[in-house]
Amino acid sequence: MEKVINDWLLGYEKIKEIAEMIHTEELPDETDTLALQRSGVESLPLRYINEKGWYKQYQYVLLLKSNSEDDIQRLNNLDWLDDLSNWIHEKNISREYPEIENMKVKKVSCANAITYETNEEGSISTYYIQLYFDIKGGN
């Protein structure tokens, strides 16, 4: 499932301005990199009493590691996360979700686009945004 979500995120054109790929779980040492980490899975209630299968929310964190030597770079990095958030919102409205075998994505959302950590010199920061995929399966 992570590969499908990773590939779906690569559909966001501005990702290519940062990196050619999204790493899994950990960021490499260099800057201008992205990594997708699963942060949890939560069971959601089914909508109808007679509905079969399961409904879960898969939670991820997308990490962005970028230069942050001055205010302009830091603001640009946060703007990038805001643009990604808007793209995800648009995909949710148009229901253009990742296609996962034997499952159906019902909703995608995001939250908390923030600066996660900064190195001692303040020249490189890691930013994160939480991603939520509500998925129905097991019909």
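Annotation: side chain of Tyr127 is in contact with side chain of Arg74 (closest heavy-atom distance under 4.5 Å). At least one side-chain heavy atom of Lys136 sits less than 4.5 Å from a side-chain heavy atom of Leu46. Residues Trp80 and Ser66 are not in side-chain contact: their nearest non-hydrogen atoms beyond the backbone lie 4.5 Å or more apart. Using a 4.5 Å cut-off on side-chain heavy atoms (C-beta onward), Leu78 and Thr115 make contact.
By the rule that hydrophobic residues join a cluster once side-chain heavy atoms approach within less than 4.5 Å of another member, Ile88 and Tyr60 end up as members of one cluster. Residue Ile124 is not grouped with residue Leu27 when hydrophobic side chains (ILVMFWY) are merged at heavy-atom distances under 4.5 angstrom, including chains of intermediate members. Note: the hydrophobic cluster containing Tyr128 does not contain Leu131 (ILVMFWY, side chain heavy atoms under 4.5 Å, direct or indirect links). Both Leu36 and Val41 belong to a common hydrophobic cluster when Ile, Leu, Val, Met, Phe, Trp and Tyr are linked at side-chain heavy-atom distances under 4.5 angstrom. If you chain together hydrophobic residues whose side chains sit under 4.5 Å apart, Leu10 and Met1 fall into the same group.
Counting all heavy atoms, side chain and backbone alike, Leu84 lies closest to Tyr12 at N-OH, 3.4 Å. Residues Ala19 and Thr33 share a closest heavy-atom pair of CB-CA, 4.4 Å. For Tyr55 against Pro45, the heavy-atom pair with the smallest separation is CD2-O, 3.4 Å. Closest heavy-atom contact between Pro98 and Phe133: CG-CE2, 3.9 Å.
Residues Asn112 and Gln130 have side chains that bring a donor and an acceptor to within less than 3.5 angstrom of each other. Under 3.5 Å, the side chains of Tyr97 and Asn92 contain a donor-acceptor pair of N or O atoms. A donor-acceptor contact closer than 3.5 angstrom links the side chains of Asn119 and Glu121.
In this structure, the separation between CD1 on Ile135 and CD on Gln57 is 9.5 Å, given to the nearest 0.5 Å. Atom-to-atom distance recorded for Gln37:CD and Leu63:CG is 4.5 Å, nearest 0.5 angstrom. Of the inter-residue distances, the one linking Met21 atom CE with Lys16 atom NZ reads 13.5 Å to the nearest 0.5 angstrom. The structure places CD of Glu42 at 9.0 Å from CG of Asp134, a figure rounded to the nearest 0.5 Å. Here the OH-OG distance, from Tyr58 to Ser39, works out to 13.0 Å after rounding to the nearest 0.5 Å. Put simply, OG on Ser123 and CG on Asp70 are 11.0 Å apart, with the number rounded to the nearest 0.5 Å.
Residue Ile93 qualifies as enclosed at atom CD1: its count of foreign heavy atoms under 6.0 Å is above 12. Within a 6.0 Å radius of CD in Glu30, other residues, nucleotides and ligands contribute more than 12 heavy atoms. Other residues, nucleotides and ligands contribute more than 12 heavy atoms inside 6.0 Å of the CD atom of Glu2.
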Side chain to side chain contact (heavy atoms under 4.5 Å, CB included) assessment of Met103 paired with Trp54: CA-CA 10 Å; Met103 295 181 227; Trp54 51 263; 3.7 Å; yes
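Panel note: side chain Lys14, backbone Leu81; no donor-acceptor pair is recorded below 3.5 Å.
For the side-chain contact (heavy atoms from CB on, under 4.5 Å) with Thr31, the qualifying choice from Thr126, Asn67, Leu64 is Asn67, the only one to do so.
Classification of the Trp87-Trp8 ring pair by plane angle, with boundaries at 30° and 60°, yields tilted.
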